[in-house]
Amino acid sequence: MRLLPHELKPLLLTCKHNALISQIHALMVVSGLFSHGNSIAPLISSYAKVGDLKSAHKLFDKSPLRRVDSWNAVIIAYSKAEFPVEVVNIYNQMVLEGVKPDSSTFTVALKACTILQDLEKGEEIWEKVVECGYENDVFVGSSVLNLYAKCGKMDKAGVVFEKMQRRDVVCWTTMITGFVQSGKGREAVDLYRRMQREGMVGDGVVMLGLMQASANIADTKLGSSVHGYMIRRALPMDVNILTSLVDMYAKNGELEIATRVFQKMPFRNTVTWSALISGYAQNGFAVNALQLLIEMQLVGFTPDVASLVSALLACSDVGTLRLGRSIHGYAARNVIMDQVLSTGLIDMYAKCGLISCARSIYDRISSKDLICWNTIIACYGIHGQGREALTLFQQMKDEIEPDHATFAALLSALSHSGLVEEGRHWFDVMVNEYKIKPSEKHYACSVDLLARAGEVEEAKDLITSMETKPGLAVWVALLSGCHKHKKFSIGELAANRVLEFIPENTGTFVLVANFFAAAKIWDKAASVRKLMKMTGMTKVPGYSAVEVNGRLHAFLMDDTSHPQYEQIMGLLCNLENEMKAMGYVPKTDFVLQNLEEDVKVKMLGIHSERLAIAFGLLNTAPGTRLLITKNLRVCGDCHEVTKFISVIVKREIIVRDVKRFHHFKDGTCSCGDYW
DNA sequence: TTAGGGTTAG
């Protein structure tokens, strides 16, 4: 049998080995195919397809006649092999040799720029696109949209998008996903509605974008309607799509639905498990998250970095150092220590009280990314070491461009340490030098800093200067400052603003009620309490937990149910007598109810943090350091008491409350009594 | 023949 020349080309497409390709290549040469002007492009593609880029490129280099399709075959080969630098190089060479690129060339070249985040080169290519008359090509168009989107230039993407004469689903999707990924979920949804109005039908990729948008803007209804739409249209639901669904429900706090979708899945992978673990961890269900980590191993999955990081987050949340350490050990033995994992460990050690361990992990990271820096700065912040946070920030800004999160961490650190002057300065630098538009969070930190230092007038002026409508967090910060410094008139203004928001958080309501009580405006305090009852809210019970021999023990206020209750109260009573001899006077101001003095003193004595401390003292060896975690703020009297206890029992006691750390040692606290 | 996507740290 003899192959005819025209039969060689289709045969090439089926080749699975480069030896066979080179034989066909030789045959083509012998048959004189190329002397008749046939292109070498199919041969180049065939070599590339079997992974032999070297032969493909060599063939291209030796070819005397290089037409566009040959250039494209090579450039596409490098693109598929994920060599974006080579793609751009070949594109440059092509333009230099005066060959006119076509739709494929531009598309692939723009994609390479997107991967390289090279906006400048991308825009240069776009100029060439216009010059060559390809600006209305949907492939080229969606590629440039994606370039702008991935470089965070949604405004520029919008300009191109609006000018497009024809838009297909991919163009719409690129814009929608672009908005989602730059945190603009609202705009993404609006654009999808417009897409629907213009008669376009969304596919699975659009739905994925909308799922992320739903999690982004906490719109559970949107999430479930996307889910419904996918079922009605019978869009394919593979493991990855279902995993995204689990993730979406989990991020929206719908853990029951997330779990149901998870259980119904025919197949799961490590990512699916990680998504659910992180969902539980981020919604405060640390125990469930850690259980899932164990469960996944029981059914044969090996935890990867993502699942371990999520589990670490759960450990940080409840302050279980022993588990955190064991995950650290597991990770060190089984996975590669990357930036993500290291950052997770930094966070865990810092939140379990060991800032020095966090620091040594940080020091060992060879190339630190933005998030590493942001995390360590935030960690020093919650430990009340504002100066150290500032020092790190100074080092950071010489190496990497700080972002909005960096400044949020820095301002919060300065605020926790009461560094008012520095706070004013860096807020100013952020706005004027780094051109970062202050967000609600930045304002809240700065208002908090000023108000806590007693500068409530200035704090109020800062709020007035805001371009956007001040949110709840800002007013709450002002109110707590006024509460602390007994500035009742501005405080009352702030309290009324807070109430306008109908806060969902019980703690916020409690703050308002407590403020009115402190201002001795009992009728308003009572009416806020009544409002809380009417809206079905009750005060979140304060609890404290302490880790003893690797087990967490949690205590509510006046926890009489505990088997060691008698011993605990006995110890607290002895300690109180010693403290009184040392000059301790109960600060009954911190009991914010209208009660008799002796009842107030009694109420202070049974605060959950004291029970947890006493339990820890009773059940650990002398000298052992204690870590207490509290779900609310630690009260001023307990703070004073803990200082005394640290002297009497000669122990280090670390109390982590909802905001920050208090490290008690020899009668002093790391926060310098400023909190 | 080329374009859009899916877990994790702040």
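By convention in this document, chain letters (A, B, ...) are assigned in the order of the sequence lines, proteins followed by strands, and residues within each chain are numbered from 1.
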For M230(A) and dG6(B), what is the distance between atoms CE and C1' respectively, to the nearest whole Å?
-> 11 Å
Figure out the CG/P separation between D238(A) and dT7(B), and round it to whole Å.
-> 13 Å
Among dA3(B), dG6(B), dT1(B), the nucleotide that comes nearest once only the side chain of K111(A) is considered = dA3(B)
Between E123(A) and K156(A), is there a salt bridge with N-O shorter than 4.0 Å?
-> yes
If you look at every strand shown and take non-hydrogen atoms under 4.0 Å, does D369(A) touch a base, only sugar-phosphate, or nothing?
-> base
For the side chain of S244(A), counting heavy atoms from C-beta on, which of dG6(B), dG4(B), dG10(B) is nearest?
-> dG6(B)
Describe the nucleic acid contact of D338(A) in one word from base, sugar-phosphate, nothing, applying a heavy-atom distance below 4.0 Å.
-> nothing
Mind checking whether W71(A) and Y91(A) have ring centres under 6.0 Å apart?
-> no
How would you label the contact of V169(A) with the nucleic acid (heavy atoms, under 4.0 Å): base, sugar-phosphate, or nothing?
-> base
Atom-pair distance (CD on Q212(A); C1' on dT8(B)), nearest Å | 14 Å
Is D247(A) salt-bridged to K251(A), cutoff N-O under 4.0 Å?
-> yes
With Y148(A) via ring-ring contact (aromatic ring centres under 6.0 Å, His included) - residues at least two apart = none
Do the side chain of T174(A) and the base of dG4(B) come within less than 3.5 angstrom through a donor-acceptor pair of N or O atoms?
-> no
V206(A) side chain, from C-beta outward: closest of dA3(B), dG5(B), dG4(B) = dG4(B)
L208(A) has its side chain closest, among dT8(B), dG5(B), dG4(B), to dG5(B)
Once you round it to whole Å, what is the distance between C1' of dT2(B) and CD1 of I75(A)?
-> 11 Å
Report the distance from atom OH of Y134(A) to atom C1' of dT1(B), rounded to the nearest whole Å.
-> 12 Å
Given dG4(B), dA3(B), dG10(B), which nucleotide is nearest the side-chain atoms of I371(A)?
-> dG10(B)
